Amino acid sequence: MSNINRRTLVKGSLAAMMAGAVSSRSAFADTDPIMLGVSGPLTGPNAQYGTQWKQGFDLALDEITAAGGINGRKLAYQFEDSQSDPRQSVAIAQKFVSDPKIVLELGDFSSPASMAASPIYQRGGLVQFGFTNSHPDFTKGGDFMWSTSVSQADEQPLLARYAVKSLGLKKLAVLHLNTDWGRTSRDYFNNAAKEYGAEIVVTEGYIAEERDFRSTLVRVRDANPDGLVLISYYSDGALIARQARQVGLKQVICAASSVYSPKFIELGGDAVEDVHVGTRYFPEDPRPEVQKFIAGFKKKYNGLEPDAFNAYAYDAMNMAAAVLKIGGTDRKAIRDAFAKVKDVPSVIFGTATFDVATRRVKGAMNAELVVRKGQFALWDGKPT
Amino acid sequence: MSSWLDYTINGLIVGNVYALVAVGLALIFGVSRLINFAQGSIYLVGAYIGWVAVVQLHTPLPLTIIVVAVVAAVVGLIIERFGLRPLQNSVRIAPLLATIGISFVLDQLVMLTFSPNPRALPSQLPDVRFQVGGGTIGPLDLLIAGVGISSALLLFVFLRYTKLGWAVRAASQDRDAAMQMGVDVNRVNQTVFGIAAALGGVSGLLVGMYYNQIDTAMSLQATLKGVVAEVVGGAGNVPGAVIGSMLLGLVESYGVAVFGTSYRNLFAFLLLVVVLVLRPNGLFASARQAPPEPLTGTFIAPSRPVRIPRWALAVAIVALAILPLLPVSFYILQTLINAWLLGMLALSLTLVAGTIGQVSLGHAALLAIGAYTSALLSLTLNVPVGLAIMAGGLMSAALGTILISPSFRLRGHYVSIATLAIGEIVSLVILNWESVTRGPIGISGIPPLSLFGYDLISPASVYWFAFAVMVVLALLQARLLGSHLGRCFRAIRDDDIAARAYGLSLNRYKSLAFIFGGFAAGVSGGIAAHLYSYINHETFNTQQSILALTVVILGGLGNVVGAILGAVALVGLPEVFRIAAEYRILIYGIVLLLLVRFRPQGLLGTI
């Protein structure tokens, strides 16, 4: 199998011209920015996540440029909208693979879109760096698949410890998004919670478009739990919390880090007060990388609070920069550099180093937060 | 037992929410025999106008409702005047496609204006809760119920007792006769669209407040549930739509109660299929009511197809076959591979929708059946990929035909709705039947395409494979259309009563069409599975079915070359507009609308 031969290069540059991209021989000059390809949703049902990625990327790029770029060259990205649709992500994958300017690819968002494109990246010898791809099989696609997505095998036991050990909940109702992420997370959570001695009295999976949870919550009520665990994103998490309070459920609610967003509080209102969230960082976290990220984000986006997806994207761009500093612009060298980077400052991991065997990063940070007076705050150990 | 009371109350509460959309849909269907796929988008517009009014302008609730109703009504009038009225003399399917295009455009405009992030839409009613059963209801529940029921009642009275209402009903029964009697049909249509849009906008506002959340993805879901509720109640029957909504809410709620949350929509769509099969005119249609569709052939009007000379087709096939030898990029090859895969799906759909007149909106289910069969056979039983894909096609032909057979006795729009429901059911079964399909985790590590032991992994070889399969399927289908089978199919489409009078067994021919069509779609799904290496229940979704129908209508119903041309256009256009980034789907929607406007019979015409 040939990865990058001359024919590919010729085809690639022709492609770039045919696709209307601005391309010329000078693309290879050292003064031009190093290009990353991003495949993600900018339109369609997941468009919000693509916009959050952009915010995180742009902030990281500002900082990278201010610090002198990659060995003197600027770093930039080309964002191609895939709508998180596998049919479009495979075309984008071919586009990036055959465009010699692209040295590294980031994304896609959903598992079907990302993993459909993996064979193309693997064969084309371009690293597919998925930073929201928690599907356990994502990095099994080949040695060009790397991920900084927090493994649910790491994250869920932390949430289980928070719920069972710290909050002392013994009978749990688990509500999860019925996607590959939600399902995997649920299994890790349930196992960990049982090991800590809790009982899972009911689990309910719901589809992403669901808005009405009243009947689900009757099932939850009848199972008589002492706590609700939400393996949700912020919008559905807020809906469930609101409706739980409306139907009169007063149990403690614990949620996975993916609800960690100012939107969760905006959408949930009073109902999310006292909701416990296990997260990877929190606003008052004294770690310098967190303070830099939050201060920078608020400054760039008019006081907006960053959320989990902003942080993933920010970390991913910083990781990409660290990798490129070692690997240069050769695609294979970049793949090898993933195994070499050490202790990259990271909002999510503190410092991130890849485990070469799994091509993932272990050891996510943990913070136990609770919503108090409409703000995420560090949990003070008081029961709610 | 008290839980059952709670489930009942919850079912009614959510049914209440569905009713708001269903009433608007019923009204439009009642007059123009059109399922307005843009109703969900008007609902979306209403929600965002409401957000501007509440959060930015701080209007009090009554004023908010008036503002939203007026703006939504204006949007509805614009849609009627510029989107649908120019199409009133063209094929009946053109307005359906136009509403799909309009909904793309509206959804994208809202997304571009307000960003796709969800927003909170705070309720302006006092936050008091009344204890009912084990749960509580709030003033917003009562307001939604009030708006739903009173609008249904008002509309009922309006249609029955006012002069304009008579005109509306007359126009709905027989447009031409009404016009001869001096009814200004355009004014009637305008009135109806204005009212329905105002109602749609207000429902978006109220539902947004109810959940304290609005986002741009709410439009398609609202349309889907609204259509189900409306058809259950009897399409075009306004009070029936309210009752249908309540029934839908109850069935969903009881479904959750008995089987759990992940089965919820399964019950909604099963209810729909059962109602359609047992009472095709809806639960509340009277026996005397005129049939919901005109008796013969006007749903798909014949047109003069564009004749393409054989030598031109041969040249095109040769040119496309040698394309990978030329210095074209892998990106273009991959885009064309996608087009060929969509082309196979379109061949399948153009046969069942165009040639025999069963407009299916659930065709992605056939892809999914083929894909899962092929993936599982090659993974678990080590069946060679080529054979597995064939098996996928056969499974899709068999299972697809069996699943769709309940809809054989339906006509026109009802077939589309039944197939839409069957498509959703297949997707939900895939999600829930974990022991076989691995549920939401999906199937990963599907082996790549291979033929006689040779792996096809270079883009050129995949291209040739997909192209060859598609050309063979297309040639077979062209041969089929020219045979007596093809003539029987068209006879059934054009006049099923006459066809039956001539001794054609409708069910047999419809089954045959679905067997051929199912095979092509299954093969396409199978190839896709091996190409992607990973599939789950989201890979083949409703959007894919709608896209396939768009391709078929665009190419010309029943037209083999048209289907392929349409597939190339609809895969290619979004890629060409890539340079426009976020605006590309908007541009795509506008181009689609223009095509429908100026070429409603499709690019190459109906055969």
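Just so it is clear, the model here is predicted, and its values are computed rather than measured. Proteins get letters first, then strands, A, B, ... in listed order; numbering begins at 1 in each.
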Let me know if [X] has heavy atoms under 4.5 Å from chain A in its side chain, its backbone, both or neither.
X	answer
Ile441(B)	both
Val462(B)	neither
Asn338(B)	side chain
Asp455(B)	neither
Phe104(B)	neither
Thr539(B)	both
Asp107(B)	neither
Ile337(B)	neither
Ile446(B)	neither
Glu252(B)	neither
Tyr210(B)	both

Any idea which heavy atoms bring [X] and [Y] closest together, and the distance?
X	Y	answer
Pro86(A)	Tyr532(B)	CB-CE1, 4.0 Å
Asp81(A)	Arg578(B)	O-NH1, 2.8 Å
Tyr234(A)	Pro118(B)	CE1-CG, 3.8 Å
Gln334(B)	Ala91(A)	CG-CA, 3.6 Å

Can you tell me how far apart [atom1] ([X]) and [atom2] ([Y]) are? Round to the nearest 0.5 Å.
X	Y	atom1	atom2	result
Gln48(A)	Arg119(B)	CD	CZ	11.5 Å
Ser98(A)	Tyr331(B)	OG	OH	9.5 Å
Thr335(B)	Arg87(A)	OG1	CZ	13.5 Å
Ser444(B)	Met115(A)	OG	CE	4.5 Å
Ile13(B)	Ser215(A)	CD1	OG	9.0 Å
Gln94(A)	Leu333(B)	CD	CG	7.5 Å

[X], part contacting chain B, at a heavy-atom distance under 4.5 Å:
X	value
Asp212(A)	both
Thr51(A)	side chain
Leu267(A)	both
Arg219(A)	both
Ser118(A)	neither
Asp137(A)	side chain
Leu217(A)	neither
Phe138(A)	neither

Are the side chains of [X] and [Y] in touch, meaning some heavy atoms are under 4.5 Å apart?
X	Y	value
Ser84(A)	Glu538(B)	no
Pro448(B)	Arg123(A)	yes
Leu431(B)	Asn178(A)	yes
Ser111(A)	Tyr534(B)	yes

Is there a donor-acceptor contact under 3.5 Å from the side chain of Asp6(B) to the main chain of Val218(A)?
no

With a 4.0 Å cut-off, would you call Glu575(B) and Lys95(A) a salt bridge?
no

Let's test your reading of the structure: which of [options] forms the most heavy-atom pairs below 4.5 Å with chain B?
options	result
Lys263(A), Gln243(A), Arg211(A), Glu266(A)	Arg211(A)
Ile120(A), Asn46(A), Ile92(A)	Ile92(A)
Gly182(A), Ser235(A), Pro119(A)	Ser235(A)

Could you tell me which of Ala217(B), Ala529(B), Ser253(B), Pro122(B) has the largest number of non-hydrogen atom pairs under 4.5 Å with chain A?
Ser253(B)

Most contact-rich option vs chain A, by heavy-atom pairs under 4.5 angstrom, among Gln213(B), Met111(B), Gln108(B), is Gln213(B)

Hey, which of Glu204(A), Glu209(A), Glu210(A) is the one that makes salt bridge (Lys or Arg N to Asp or Glu O under 4.0 Å) with Arg264(B)?
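Output: one option passes, namely Glu210(A).
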
Report yes or no: do Thr261(B) and Thr216(A) form a side-chain donor-acceptor pair below 3.5 Å?
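Present: a donor and an acceptor within the cut-off.
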
Determine whether Arg438(B) and Asp180(A) satisfy the following criterion, salt bridge (Lys or Arg N to Asp or Glu O under 4.0 Å), listing intermediate values before the conclusion.
CA-CA 10 Å; Arg438(B) 307 185 196 172; Asp180(A) 56 297; over 6 Å; no

